[in-house]
Each structure stands twice: as C-alpha cells, then as structure tokens.
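Chain identifiers are assigned alphabetically (A, B, ...) following the order of the sequence lines, protein sequences preceding nucleic acid strands; residue numbering begins at 1 within each chain.
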There are 2 protein chains.
Amino acid sequence: MPEKKPRTARQAAPTSVDVARRAGVSQAAVSYVLNGVQRTHVSQEVQAKIWQAAQELGYSIHPSARALRKGQSDEICLIADVPVSAHLFELFAAIQQQTFSYNLAPVLYVSHGLPPQQVEELLRRIFARRPMGIIATARSMTEQQVARARQMGVEQVVLVSAEPATYTSCIVLPSYEAGTLAAQHLLERGHHHLGLVHPDDAAAAYGFQQRLEGMRAIISQTPGATLQILPMHLSLSGARALIETYLDGPGHPTAIYAYNDDYALPLLRALADRKFRVPEDIAVLGTDNVSFGEFIQPALTTIHADNQAIGQRAIEMLLALRSGQAIPAELTRPLQPRLLIREST
Amino acid sequence: MPEKKPRTARQAAPTSVDVARRAGVSQAAVSYVLNGVQRTHVSQEVQAKIWQAAQELGYSIHPSARALRKGQSDEICLIADVPVSAHLFELFAAIQQQTFSYNLAPVLYVSHGLPPQQVEELLRRIFARRPMGIIATARSMTEQQVARARQMGVEQVVLVSAEPATYTSCIVLPSYEAGTLAAQHLLERGHHHLGLVHPDDAAAAYGFQQRLEGMRAIISQTPGATLQILPMHLSLSGARALIETYLDGPGHPTAIYAYNDDYALPLLRALADRKFRVPEDIAVLGTDNVSFGEFIQPALTTIHADNQAIGQRAIEMLLALRSGQAIPAELTRPLQPRLLIREST
DNA sequence: CTGAAAGCGCTTACAG
DNA sequence: CTGAAAGCGCTTACAG
C-alpha cells in the first residue's frame with residue numbers, strides 16, 4: 001500500500017497498478033487483458049482474475065494517461081458550422097449512442113457565428129487534443145484546415161458533405177438528389193411554377209447550389225415549368241419580405257422548396273398571416289425532418305436522410321480508417337434522401 | 001534536436017520543451033509564463049521571449065499531459081436527463097461560448113432514455129475523466145451519485161434544479177414561481193378553470209410538483225377558480241387522448257399550462273384538429289421559449305429563464321468553487337422566470 | 001529570480 | 001507465456 005506517495009490530488013480512484021496487485025499479476029498483463037490485446041496470450045484463468053479485480057475495485061481507465069501515452073485521445077470531435085438546430089442535436093444524440101459501446105467520447109463544437117480568428121483558435125485547440133477522429137460539416141473545415149489537422153497528428157477527418165472531396169473521406173448527403181426529389185414531388189402535385197429559398201446567410205446556405213441544379217434538371221424536362229430563386233433571411237420579417245417581393249403578380253411560384261425545415265417554419269407562419277392557404281394556394285416543402293415538423297399545422301412535408309444512418313456511417317468510417325482498412329464501398333455511396341409526405345404539399 | 005527518440009506517433013506538434021529551447025529558458029519557465037502563474041516572478045523580457053517562441057512554433061498545450069499531471073482535466077461535463085430538445089441545445093451553445101475564454105472544454109452527455117445500468121456506466125466514465133466540474137440537471141444525478149463523483153475526485157458539481165439541494169451547489173430555476181406566474185396570467189386572461197399537463201414520462205416531469213404547488217397557491221386565493229391535472233404522453237395521440245378525456249363536459253379547463261413547449265406543440269396541433277380555437281376556446285401556455293415557438297400559429301406564449309444567464313452562472317459558480325472562494329450570493333439566488341406573452345393565451 | 005528533477009497513469013517494445 | 005522499464009508532455013515542490 002502506498003504510504004509516503006506525495007499525492008497531488010485526492011485520488012481515491014484505483015489505478016492499473018492497484019488492479020495488478022490485487023490480481024497478483026503485472027501491470028502489463030492488466031493492460032493487455034483489459035484492452036483485449038491479442039498479440040500477447042494470457043491464460044483464461046489469469047484473464048478472469050484480472051477482470052474480477054478490476055470489477056471489485058471499480059477500476060476505470062484514466063483517459064488522459066492513455067491518451068498521453070498513445071499520442072491520441074478517445075475523443076471524436078464533431079464540428080458544426082451551422083446555426084443551432086434541432087436537426088443537428090438529433091444527429092449528435094445519434095452519434096453519442098453509436099459510440100457508447102466503442103468507448104469513444106464524442107465532443108460537439110459549434111463554430112457557427114464565430115469570427116474567423118476565433119474559428120482558427122478553436123480548431124487549433126481541437127487539433128491539440130489529438131482526437132481519434134473529426135467529423136465535420138464540409139463548410140466547417142477547408143482543405144487547408146484538414147491538412148493542418150493531419151500535420152498536427154489528427155489523421156482521421158470525415159466530412160459530411162453534399163459531394164465527395166478529393167482530400168478526405170466523406171459521408172455524401174447529395175443535395176442534388178434532394179433538389180430532383182423536391183421538383184418531382186411538387187410537379188406531381190400539379191404545380192408548374194416552383195420556387196427555391198436561398199438563405200441569405202452564407203454559412204446556412206450550404207448545398208443550395210446542388211439543390212438548385214437538381215431542381216433545374218427536372219424543370220428542364222417539363223414544358224411550361226419554371227423555377228425562381230427566393231432569397232430569404234431566417235426570421236418572420238424575412239419571410240414576409242419574401243412573400244411581398246415574390247408571391248405577388250401573375251406566374252408567381254405556387255410551390256416552394258424552403259431549403260430546410262428551419263426556413264419552412266417562419267415561411268409557413270408568414271403565409272398564414274397573409275391568408276395564403278397551405279397547400280392549396282402555396283405548397284411548402286422542407287428538409288431535415290426536424291422533430292417539430294409533424295406537430296405544426298399543416299404538418300410539414302420534408303426531405304431527409306436518416307440521422308441514425310449518418311451517425312453509424314461516420315463511426316464505421318472512422319473505425320475503418322483507424323485500423324488502416326480500406327473503407328467499404330457501401331460507406332462511401334451517397335446516402336439517398338427520402339421524401340416524407342405530410343400536409344404542407 | 002531529437003534524433004533517436006523512438007517516437008510512437010507522427011507528432012509534428014511542438015512541446016513545451018521546444019518552446020523552452022527556442023526561447024533559451026527552462027521548461028519550468030515556459031509553464032509558469034504560459035499559465036500565468038504569479039507565484040514565481042519572471043522578468044518581462046523573458047516573458048515576452050517565451051510568448052514569442054510559443055507563437056512562432058504554433059505551440060498548443062497537450063491537454064492530456066496537463067490533465068494527467070494535475071489530476072484534473074479542462075473538461076466541464078454537462079449531463080442532461082431530458083429528451084433532446086431545442087432548448088437544451090441552445091443552453092449548451094450558450095455555455096460553450098461562455099467557456100471559450102477560460103480554456104475550458106464543455107462536453108455534453110445525454111443520459112435520457114438509457115437503461116439505469118448504462119447510466120451508471122456513463123457516469124463512471126464521466127467521473128474517470130476527472131472533469132474540472134460537472135453541470136447536471138437535478139434528475140440526472142442523485143445525491144448518492146454526487147457523493148460518488150466526489151469520491152472519484154470530481155469535487156465541483158453544479159445542479160440545475162428547481163430548488164436548492166443540501167449536498168451541492170445549485171442554479172435554482174424555481175418551478176414554483178413558474179406555476180404562480182402561469183396561474184396569474186391565465187386568471188388575468190379571464191379563465192377560471194385551469195389545467196396543468198403532467199408528462200407521463202417520469203424523467204420529463206421534473207419540476208411538475210413545484211409548478212402544481214405554485215398554481216395551487218394562486219388558485220386558492222381566487223374564489224371559483226379550479227385546477228385540474230392533465231396526464232399526457234408526448235405525442236399527437238397522447239394530446240388527442242388528453243382532449244377527449246379532459247376537455248369535454250361542463251366545467252372543463254379552458255386554459256392549460258402545458259408543462260413546457262415540447263408538450264404545448266402537439267397539444268396545439270390536436271386542439272386545432274378538434275376545432276378548438278386557441279386562445280378563444282382554450283388558452284395554452286408553455287415553458288422554455290424554444291426557438292420555434294414564435295413561428296407556429298398561434299405563436300406560443302411561454303415562461304422562460306435566460307439561457308445566457310444560466311450558462312454564465314454555471315461557469316462562474318464552477319470557477320468560484322475551484323478557486324475555493326465562497327460563492328457570491330447573487331449566484332445562488334433563484335433565477336426568476338419571465339413571462340413572454342405571444343398569441344396562444 | 002531560474003532550473004533540474006520527480007512523477008501523474010498508462011502502453012508497449014523488449015528481455016527473460 | 002509474464003514482467004521490468006522507458007517514456008508520452010506536462011506541473012510544481014525544491015534547491016540554488
């Protein structure tokens with residue numbers, strides 16, 4: 001028993017040395033067994049003794065000590081450069097669940113709204129933590145920043161992106177397909193004049209261009225169909241301005257792809273205020289399937305990818321990358337968006 | 001320059017030894033200066049040299065190394081035992097902003113919905129990380145668990161709670177006051193028969209009892225006023241069941257305190273489906289001021305505390321506790337809820 | 001005022 | 001198959 005150790009902290013927590021002593025083995029054996037290292041063969045009997053000792057002492061590994069030794073922590077950093085949204089949170093919760101059994105610690109960072117200099121500082125701090133991997137939205141990390149991460153020893157960077165990148169692995173959520181899906185659905189509902197909301201916040205507008213192209217591809221095959229871009233600020237007054245500017249006069253759009261659910265919400269409200277009936281006068285379509293969508297009136301038709309699936313892919317990709325394996329093809333295949341028809345279209 | 005060091009990782013990142021060498025001082029001096037330790041006086045000139053060397057090398061401290069040495073990490077763990085909600089996310093973002101300048105790393109854990117055994121395991125892992133502090137909702141940590149945290153070396157635990165606890169510091173968000181505020185407002189609007197939604201999910205119902213008592217205190221002073229408890233499951237069908245069971249027949253409630261915004265939303269939708277007009281037939285009041293509240297129709301009247309204020313308090317409290325100071329009285333004073341009147345009442 | 005040295009709790013190459 | 005030892009990058013008591 002330690003007697004004159006000048007303990008710096010209160011430290012009641014047992015260490016691997018304590019476990020080793022109790023099991024009557026070396027510290028190395030404890031490490032091998034608890035980490036399931038195959039290279040070294042330890043007898044079944046000894047393994048059982050070690051597990052039991054760990055259990056009895058209530059031993060938990062000290063993540064900092066391990067991280068220091070291995071040169072890599074058990075953290076997975078999630079970096080989001082999008083406004084706080086219900087969708088993002090749901091995605092985070094999904095990832096947290098997925099990682100639990102892998103003993104990984106997901107940490108969320110929201111870089112949206114920070115001045116560029118603070119973003120740089122934030123990234124520097126994140127890299128310095130030497131996370132096992134980084135999962136980031138494509139906008140939140142430039143190619144240069146990904147390179148800098150690698151240089152600082154963070155090799156695994158997975159981007160959630162509208163299209164594949166050359167410089168790192170991506171989970172592809174194709175906004176182009178969302179655009180075609182939206183246009184097809186709205187045309188099928190009998191509309192000819194479509195609109196696409198363009199967020200006036202550049203950070204929030206990620207994937208707009210792809211949506212636009214997807215819609216155009218469908219429109220161009222449909223005689224008489226038109227498409228109009230509708231700039232909008234994310235607020236009630238922004239939605240009102242959109243209505244006054246673009247939903248008046250002959251040939252105005254009668255069906256709007258609202259970019260995502262966050263934009264659909266104030267738009268729906270402003271439309272109701274102006275006595276537009278939804279979907280009879282104007283159809284509205286969102287993206288992300290945010291949790292409140294089913295409760296509002298009219299319930300919001302939306303396009304979405306499965307959050308659980310995104311989370312699972314991200315983790316599997318990180319794990320494959322870490323073990324140096326090639327990434328299975330099914331993980332790089334784009335995750336097709338699905339249409340969820342409710343009442344607003 | 002290191003030549004035969006058997007580097008385990010790629011490690012391009014500079015260490016404090018590198019900084020010391022470049023500045024021509026000892027490693028200790030670097031540590032003292034970069035951490036702003038006052039105890040040891042280092043000349044202005046040397047300080048400048050150290051800062052410059054750190055800057056030039058792009059030095060960032062290795063958090064794991066420091067944590068291992070200090071017996072405490074720079075993490076602040078936030079533990080939430082509530083369903084994923086926009087409100088929680090907004091609070092998290094506020095805390096993240098607050099902590100940036102203190103070089104603290106907030107980490108969010110959602111324990112809602114996990115089986116008890118997994119919660120225990122999660123807490124064990126959180127404690128083992130030796131965070132600088134824990135900020136938790138009152139339901140997510142029992143007194144016993146707070147004690148266990150202390151025993152594992154995590155001394156600072158701040159609870160966000162409806163009432164002060166004897167065993168640790170609290171940020172008090174008095175649900176009792178929310179109840180009185182709700183009852184007063186609804187009575188002023190001319191209602192006499194009030195209802196209070198009771199979430200059927202025990203974890204979600206935190207603070208229900210206090211709301212109830214607050215409402216009763218007001219009701220009891222008002223001749224002819226009644227109050228009914230309305231059990232509800234968080235879903236559209238749950239809201240429908242509530243309406244069918246409790247909003248029929250003479251003397252039924254005409255004004256409902258929906259527990260919080262999450263419950264108010266499906267309730268509003270179900271009321272609309274049943275052709276109740278809000279607020280004319282039934283008034284509905286929420287809590288939390290979730291971001292979508294202002295966009296729905298009718299816009300949701302709600303009761304809330306300032307997220308920024310909660311985040312700031314939590315951090316200040318943690319910082320005061322760490323430095324061993326007494327907590328300033330203004331931090332322990334309950335954070336009074338405010339009424340935000342919109343259209344649903 | 002500055003510097004050399006110990007030690008936090010792990011993992012892993014290496015010797016037995 | 002098992003164990004002793006080095007070392008990851010810091011902080012801090014202590015000696016000069």
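Of the residues near DNA chain D, A/V46 and B/Q27, the one whose nearest nucleotide (by heavy atom distance) lies more toward the 5' end is A/V46.
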Please write out the pairs of protein N or O atoms and N or O atoms of nucleotides 13-15 of chain C separated by less than 3.5 Å, giving the distance to one decimal.
{"unit_1": "C/dA13", "atom_1": "N6", "unit_2": "A/Y32", "atom_2": "OH", "d": "3.0"}

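A/N103 pairs by the side chain to side chain donor-acceptor pair (under 3.5 Å) definition with B/R125, not counting sequence neighbours. A search for side chain to side chain contact (heavy atoms under 4.5 Å, CB included) contacts involving B/Y167 returns B/E143, B/V146, B/L159, B/A165, not counting sequence neighbours. Residues passing the side chain to side chain donor-acceptor pair (under 3.5 Å) test with A/T168, sequence neighbours excluded: A/R150. Here B/Q145 pairs with B/E120, B/T142 under the side chain to side chain donor-acceptor pair (under 3.5 Å) rule; sequence neighbours left out. Partners of A/A147 under the side chain to side chain contact (heavy atoms under 4.5 Å, CB included) rule, at least two apart in sequence or in another chain, do not exist in this structure.
In this entry the distance linking CD of A/Q72 with C1' of C/dT12 reads 16 Å, nearest Å. Atom P of nucleotide D/dT11 and atom CZ of B/R130 are separated by 18 Å, given to the nearest angstrom. To the nearest angstrom, P of C/dT11 lies 11 Å from CG of A/D74. As rounded to whole Å, 10 Å separates atom P of C/dT12 from atom CD1 of A/I61. Rounded to a whole Å, the CZ atom of A/R69 is 11 Å from the C1' atom of C/dG9. Counting to the nearest Å, the C1' atom of C/dC10 and the CZ atom of B/R66 are 20 Å from each other. Between the C1' atom of C/dG3 and the NZ atom of B/K49 lies a distance of 14 Å, rounded to the nearest Å. Atom pair B/M132:CE and D/dT11:C1' shows a separation of 18 Å (rounding to whole Å applied).
For D/dG9, neither phosphate oxygen OP1 nor OP2 lies less than 4.0 angstrom from any side-chain nitrogen or oxygen of B/T15. For B/S16 and D/dC10, the shortest distance from a side-chain N or O to OP1 or OP2 is below 4.0 Å.
Taking every side-chain heavy atom of B/H62 into account, D/dC10 is the closest of C/dT12, D/dC10, C/dG9. Side-chain proximity of B/L68 to the nucleotides D/dC10, D/dG3, C/dC8 is greatest for C/dC8. The B/S31 side chain lies nearest to D/dT11 when the options are D/dT11, D/dG3, D/dG9. Looking at the side chain of A/S43, the nearest of the listed nucleotides D/dT2, D/dT11, D/dG3 is D/dT2.
Legend: salt bridge (charged side-chain N to carboxylate O under 4.0 Å, His left out) pairs involving residues 44-68 of chain A, not counting sequence neighbours, sorted by first then second residue: A/R22-A/E56. Among residues at least two apart or in separate chains, there is no salt bridge (charged side-chain N to carboxylate O under 4.0 Å, His left out) pair with a member in residues 316-332 of chain A.
Contact check for B/R130 versus A/H62: side-chain heavy atoms found under the 4.5 Å cut-off.
A/V37 comes within contact range of no nucleotide atom at all, as no heavy-atom separation falls under 4.0 Å. In this structure, A/V17 reaches neither bases nor backbone, as no heavy-atom distance under 4.0 Å exists between it and the strands shown.
Taking 4.0 Å as the cut-off between side-chain N and carboxylate O, A/R313 and A/D306 do not count as a salt-bridged pair.
Between A/S60 and B/R124, the side chains place a donor N or O and an acceptor N or O closer than 3.5 Å (distance only, hydrogens not considered).
Paired runs in DNA chain D that reach 3 or more consecutive Watson-Crick or G-U pairs, where each pair keeps both distances under 3.5 Å, cover C:1-3 with D:14-16, C:5-12 with D:5-12, C:14-16 with D:1-3.
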